[in-house]
Amino acid sequence: MTQPVQIRRAPGSPPTLPAVGLECLPLLAAALTAAERGWPVIPLHPGSKRPAGHAERACLRTGRCADGHRTPEERATTDPDLIHAAWAHRPYNVGIATGPAGLLVIDLDPVKVEEPKGAPDGATSLQALCERAAQVLPDTYRVRTARGEHLYFTAPAGVRLKCSVDRLGPHIDTRAWGGYVVAPGSTTPDGAYEVAHDAPVADLPGWLAALLTEQDRPAPVPVRVHDGTRAARVALERECAVIAAATDGGRNNTVHRSACKVARFVAWGDLPRDVAEQAIQGAGEATGLPPAECRTTIRSAMDWVIAHATPREAT
């Protein structure tokens, strides 16, 4: 059986702290290291990315939730006593509440198995974004994740940035208010989280902050298609409406899915490809997607579906 280890704080602090199991020590140290940076932490289930604690639907409205359910972000803390108490008996992974920490973390993910060959991963998408903007990212603190990389930036003052999914490009997510990241020192079945570059955290570049700031979107113009069969025209108009209603976080994925659906009609000869691409391009740009990114996504979807389309008789 693992013997507990007693950790004591500096002179002048309470003399007794919870006994900590040996398996918990590295994760306790990771939590305290993040807290010392001023980054509030939350416990995540051991070996997992899921926050520990109860969900809102199971909240008994007692203790810290007496005045209402407290989300993981609201429970995040830099208090060493609370951190010792949480990590004393279970090897919780460590989560950093990015909003309260004043951070904006760019999360670069790999390509999913089911995606078309040649689809860009997060690192490639970010490089392309920088090239289009003629910008270079500053040197900053980086964490190697189980599947990609986290780039830490200090969020701009006076702007409450939210989390986003694919807003900056395919497989580029951001974590800010309303989210958290897994801290280095944690481990999941996919692998470990480790500091890749221990540099000072840089300020988020203004051009990136501008791309992530909520903007009013012009009202979408309904698409009316005159070429192709009736079924193909209806499908294209419907998918353009789906794209126009997409949320900021899922715009690129929505364009890809809709283009794949319409591409079947192109493959069957029911709809001219240029007509389909122009209509979807217009719908995608109306949501705020960059034209080049939208065009690349549409062409990738069209090329793959046309090359692999099932004959009409088999559908």
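Quick caveat, the model's predicted, so the values are computed rather than measured.
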Review point. So, Arg37 side chain and Ala34 main chain: donor-acceptor pair closer than 3.5 Å or not?
Key: no
Practice item. Rounded to the nearest 0.5 Å, what's the gap from CG on Leu208 to CG on Leu151? Could you check? Key: 10.0 Å
Point to revise | Phe153 with Leu212, same ILVMFWY side-chain cluster at under 4.5 Å | key: yes
Point to revise | Least distance between heavy atoms, Pro138 atom then Ala202 atom | key: CG-CB, 3.9 Å
Check your understanding: Are Leu137 and Leu168 in one and the same hydrophobic cluster, where Ile, Leu, Val, Met, Phe, Trp and Tyr link if side-chain heavy atoms are under 4.5 Å apart?
Key -> yes
Point to revise | Exam field: side chain Glu74 to backbone Thr71, donor-acceptor pair closer than 3.5 Å | key: yes
Practice item. Over all heavy atoms of both residues, which pair between Tyr180 and Arg50 is shortest? Give the atoms and the distance, please. Key: OH-CA, 4.1 Å
Practice item. Please check if Val275 and Val255 belong to a single hydrophobic cluster, counting links between Ile, Leu, Val, Met, Phe, Trp and Tyr side chain heavy atoms closer than 4.5 Å. Key: yes
**Study point:** CG on Leu108 to CG on Asp121, rounded to 0.5 Å
**Key:** 8.0 Å
Exercise for review: For Lys49 and Val182, work out which heavy atoms get closest and say how close.
Suggested key: CG-CG2, 3.7 Å
Point to revise | Neighbour count >12 (heavy atoms, 6.0 Å) for atom CZ, Arg132 | key: yes
Review point. Per the side-chain hydrogen bond (donor to acceptor under 3.5 Å, both in side chains) rule, which among Asn253, Thr254, Asn252, Thr297 passes with Asp166?
Key: Asn253
**Study point:** Check: Asn93 and Leu27 side chains under 4.5 Å, non-hydrogen atoms
**Key:** yes
Check your understanding: Hey, quick one: are Val234 and Leu271 part of the same hydrophobic cluster, counting side-chain heavy atoms closer than 4.5 Å, chains of contacts allowed?
Key -> no
**Study point:** Glu194 side chain to Gly185 backbone, donor-acceptor under 3.5 Å
**Key:** no
Practice item. Answer yes or no: is there a donor N or O on one side and an acceptor on the other, between the side chain of Ser125 and the main chain of Pro170, under 3.5 Å? Key: yes
Check your understanding: Would you say Arg160's side chain and Trp177's backbone share a donor-acceptor pair under 3.5 angstrom?
Key -> no
Point to revise | Side-chain donor/acceptor of Thr98 to backbone N/O of Ala176, under 3.5 Å | key: yes
Exercise for review: Without swapping roles, check the side chain of Ser300 against the backbone of Thr296 for a donor-acceptor pair under 3.5 Å.
Suggested key: no
Check your understanding: Atom CZ of Arg257 and atom CD of Glu239: how far apart are they, to the nearest 0.5 Å?
Key -> 9.5 Å
Check your understanding: What's the verdict on salt bridge (charged side-chain N to carboxylate O under 4.0 Å, His left out) for Asp303 and Arg273, showing C-alpha distance, side-chain angles and the deciding distance?
Key -> CA-CA 10 Å; Asp303 288 344; Arg273 176 165 179 166; 2.7 Å; yes
Point to revise | Residues, nucleotides or ligands: over 12 heavy atoms within 6.0 Å of Arg61 CZ | key: yes
Review point. Trp87 vs Tyr92 aromatic rings, parallel, tilted or perpendicular, using cut-offs 30° and 60°?
Key: perpendicular
Exercise for review: Flag the pair Leu28 / Ile83 as yes when at least one side-chain heavy-atom distance between them is below 4.5 Å, and no otherwise.
Suggested key: yes
Point to revise | Ring-face cation contact, Phe265 with Arg233, 6.0 Å cut, 45° max | key: no
**Study point:** Sidechain-backbone polar pair: Ser186 side chain, Ala183 backbone, donor-acceptor under 3.5 Å
**Key:** yes
Practice item. Examine Ile298 and Trp268 and state if one hydrophobic cluster contains both, with Ile, Leu, Val, Met, Phe, Trp and Tyr joined whenever side-chain heavy atoms are less than 4.5 Å apart. Key: yes
Check your understanding: For atom CG of Asp274, is the number of surrounding heavy atoms from other residues, nucleotides or ligands below 6.0 Å larger than 12?
Key -> yes
Practice item. Say whether, by atom type as modelled, one donor and one acceptor occur between the side chain of Thr140 and the main chain of Tyr152 under 3.5 angstrom. Key: yes
Point to revise | Val262 side chain near Ile280 side chain, heavy-atom distance below 4.5 Å | key: yes
Review point. Less than 4.5 Å apart, any side-chain heavy atom of Trp39 and any of Ile96?
Key: yes
Review point. Atom NE2 in His171, atom CZ in Arg147: separation rounded to 0.5 Å?
Key: 9.0 Å
Practice item. Answer yes or no: is there a donor N or O on one side and an acceptor on the other, between the side chain of Arg75 and the main chain of Arg70, under 3.5 Å? Key: yes
Exercise for review: Please examine the side chains of Asp107 and Asp109, heavy atoms only from C-beta on, and report whether any two atoms are closer than 4.5 Å.
Suggested key: yes
Check your understanding: Passes side chain to side chain contact (heavy atoms under 4.5 Å, CB included), Thr78 versus Glu36? Steps please.
Key -> CA-CA 7 Å; Thr78 58; Glu36 287 169 1; over 6 Å; no
Review point. How many angstroms lie between CG in Leu211 and OG in Ser164, if you round to the nearest 0.5 Å?
Key: 10.0 Å
Revision key, fill the gap. In this structure, CG of Leu129 is separated from OG1 of Thr124 (nearest 0.5 Å) by 12.5 Å
